[in-house]
Amino acid sequence: MTGVPASAAGGPSGARRAKGPASGGLTPASGRALAREARDTAPGGSGGGRAGRDASSPEDVRATAPSPSSSPEDNGNAATAEAQGSTRAPRGGKIAAAAVDQASVWNIANLLTMLRLLLVPAFVMLMLADGGYDPAWRSLAWAAFAIAMITDLFDGHLARTYNLVTDFGKIADPIADKAIMGAALICLSALGDLPWWVTGVILGRELGITLLRFLVIRYGVIPASRGGKLKTLTQGVAVGMYVLALTGWLATLRWWVMAAAVVLTVVTGLDYVKQAIVLRRQGIAEREAALEETEE
């Protein structure tokens with residue numbers, strides 16, 4: 001019997017096996033693998049391609065999403081810090097603001113105060129010109145005194161109304177007030193028109209109350225009373241009438257006005273002393289109560 005080749009002995013199935021991988025054919029398993037790979041690499045495939053899966057992979061989602069361990073407060077603080085960083089003012093902002101505040105010293109209220117300070121030496125020269133008894137020079141001195149007293153009314157009102165209060169104004173305004181009034185009183189007493197004791201009472205009260213305000217300022221501020229404002233007005237009118245060379249019934253009238261000014265000066269001075277004592281006692285009591293609470 002003639003020998004038959006091994007490939008023929010296997011029949012058709014053997015022939016099919018012979019055509020397998022060795023001949024470069026595709027098995028069902030390898031075909032499915034190739035199909036999956038082609039579907040994965042295709043950009044328009046149903047799976048969105050490898051790039052689409054990579055973009056929406058769980059690792060990327062976890063990277064872009066907030067960490068579960070971070071609290072909402074942390075996330076909010078981070079967002080707030082970023083917003084503040086983007087809107088942070090330049091480093092020179094505070095310096096520029098300080099420059100603006102410094103420039104505000106040259107406002108209308110402070111300029112009026114400076115004018116009143118400049119009027120003090122001018123008033124003295126006019127008051128003592130030609131021996132101090134010339135009616136013409138006394139009239140000019142009265143004009144300078146009147147302008148100083150009027151500016152005293154306007155500068156404080158402007159500063160409070162238009163928020164022009166400055167440290168310079170707080171210091172210079174009371175100095176200008178005392179300077180013009182003190183200069184007028186001293187000149188009148190030096191010329192013999194006004195007794196020295198009147199000048200001493202008025203100036204002593206003014207300087208004493210100013211010192212008293214500084215002593216109790218740590219406990220509070222003594223507000224200006226209506227009596228104090230009336231005293232200032234009466235003093236200005238009385239001193240102005242004495243500056244003028246008045247005769248007759250006007251000379252008598254100015255004596256009574258000055259008497260009223262002296263009475264108001266003493267009464268309001270005592271009232272300020274009383275307020276200072278009460279303010280100091282209240283301040284001490286509040287401090288003691290605060291210390292007791294801290295100790296408990």
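Note that these values count all heavy atoms, side chains included, but never hydrogens, waters or copies made by symmetry.
- With a 4.5 Å cut-off on side-chain heavy atoms, Phe168 and Met114 count as touching.
- There is no path of hydrophobic side-chain contacts, each under 4.5 Å, that joins Leu215 to Leu207.
- Glu286 is linked by a side chain to side chain donor-acceptor pair (under 3.5 Å) to nothing, counting only residues two or more places apart in sequence or in another chain.
- Legend: residues meeting side-chain contact (heavy atoms from CB on, under 4.5 Å) with Ile277, ordered by chain and number and at least two apart, are Val273, Arg281.
- No more than 12 heavy atoms of other residues, nucleotides or ligands sit less than 6.0 Å from atom OH of Tyr162.
- By the rule that hydrophobic residues join a cluster once side-chain heavy atoms approach within less than 4.5 Å of another member, Leu264 and Val262 end up as members of separate clusters.
- Atom CE of Met181 and atom CZ of Phe145 lie 4.5 Å apart (nearest 0.5 Å).
- If you chain together hydrophobic residues whose side chains sit under 4.5 Å apart, Trp142 and Tyr133 fall into the same group.
- Residues Thr166 and Asn110 bring a donor and an acceptor atom of their side chains to less than 3.5 Å of each other.
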Original post:
For Tyr272 and Arg205, what are the C-alpha separation, side-chain angles and deciding distance, and is it a side-chain contact (heavy atoms from CB on, under 4.5 Å)?
Top reply: CA-CA 10 Å; Tyr272 277 123; Arg205 185 266 187 196; 3.1 Å; yes
**OP:** Report the C-alpha distance between Arg287 and Arg218 in whole Å, list the side-chain angles of each, state the deciding distance to 0.1 Å, and finish with yes or no for side-chain contact (heavy atoms from CB on, under 4.5 Å).
**Re:** CA-CA 11 Å; Arg287 288 188 178 184; Arg218 54 182 170 177; 4.1 Å; yes
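- We find the CG-CG distance between Leu112 and Asn107 to be 9.0 Å, quoted to the nearest 0.5 Å.
- Residues that satisfy the salt bridge (charged side-chain N to carboxylate O under 4.0 Å, His left out) test with Arg138, not counting sequence neighbours, are Asp193.
- Evaluation of the salt bridge (charged side-chain N to carboxylate O under 4.0 Å, His left out) rule for Asp134 yields no partner, not counting sequence neighbours.
- In this structure, the separation between CZ on Phe154 and OG1 on Thr113 is 13.5 Å, given to the nearest 0.5 Å.
- Partners of Arg280 under the side-chain contact (heavy atoms from CB on, under 4.5 Å) rule, at least two apart in sequence or in another chain, are Tyr219, Ile284.
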Check: residues 196-203 side-chain donor-acceptor pairs under 3.5 Å, at least two apart:
from: Thr199; atom 1: OG1; to: Leu185; atom 2: O; distance (Å): 3.4
from: Thr199; atom 1: OG1; to: Ser189; atom 2: OG; distance (Å): 2.5

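- Other cluster members for Leu119: Leu115, Ile147, joined by side-chain heavy-atom distances under 4.5 Å among Ile, Leu, Val, Met, Phe, Trp and Tyr.
- Note on Ile175 and Phe123: separate hydrophobic clusters, where clusters join Ile, Leu, Val, Met, Phe, Trp and Tyr whose side-chain heavy atoms are under 4.5 Å apart, directly or indirectly.
- In this structure, OG1 on Thr151 lies 11.5 Å from CG on Leu111, to the nearest 0.5 angstrom.
- Side-chain contact between Val124 and Ile186: absent, with no pair of heavy atoms (C-beta onward) separated by less than 4.5 Å.
- In this structure, Gly269 and Ile209 approach most closely via the heavy-atom pair O-CD1, 3.7 Å.
- Within the structure, salt bridge (Lys or Arg N to Asp or Glu O under 4.0 Å) pairs that include any residue of residues 147-169 comprise Arg116-Asp152, Arg116-Asp155 (at least two apart or interchain).
- One hydrophobic cluster holds both Leu253 and Trp255 under the rule that ILVMFWY side chains link at heavy-atom gaps under 4.5 Å.
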Would you give me the side-chain donor-acceptor pairs under 3.5 Å for residues 227-248, sequence neighbours excluded?
from: Lys231; atom 1: NZ; to: Glu206; atom 2: OE2; distance (Å): 2.7
from: Thr232; atom 1: OG1; to: Gly228; atom 2: O; distance (Å): 3.0
from: Thr234; atom 1: OG1; to: Leu230; atom 2: O; distance (Å): 2.8
from: Gln235; atom 1: NE2; to: Thr265; atom 2: OG1; distance (Å): 2.7

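- In this structure Leu140 satisfies the side-chain contact (heavy atoms from CB on, under 4.5 Å) test together with Leu126, Trp137, sequence neighbours excluded.
- Among pairs with a residue in residues 246-260, none fulfils salt bridge (Lys or Arg N to Asp or Glu O under 4.0 Å), at least two apart in sequence or across chains.
- Residues satisfying the side-chain contact (heavy atoms from CB on, under 4.5 Å) criterion with Thr252, sequence neighbours excluded, are Trp256.
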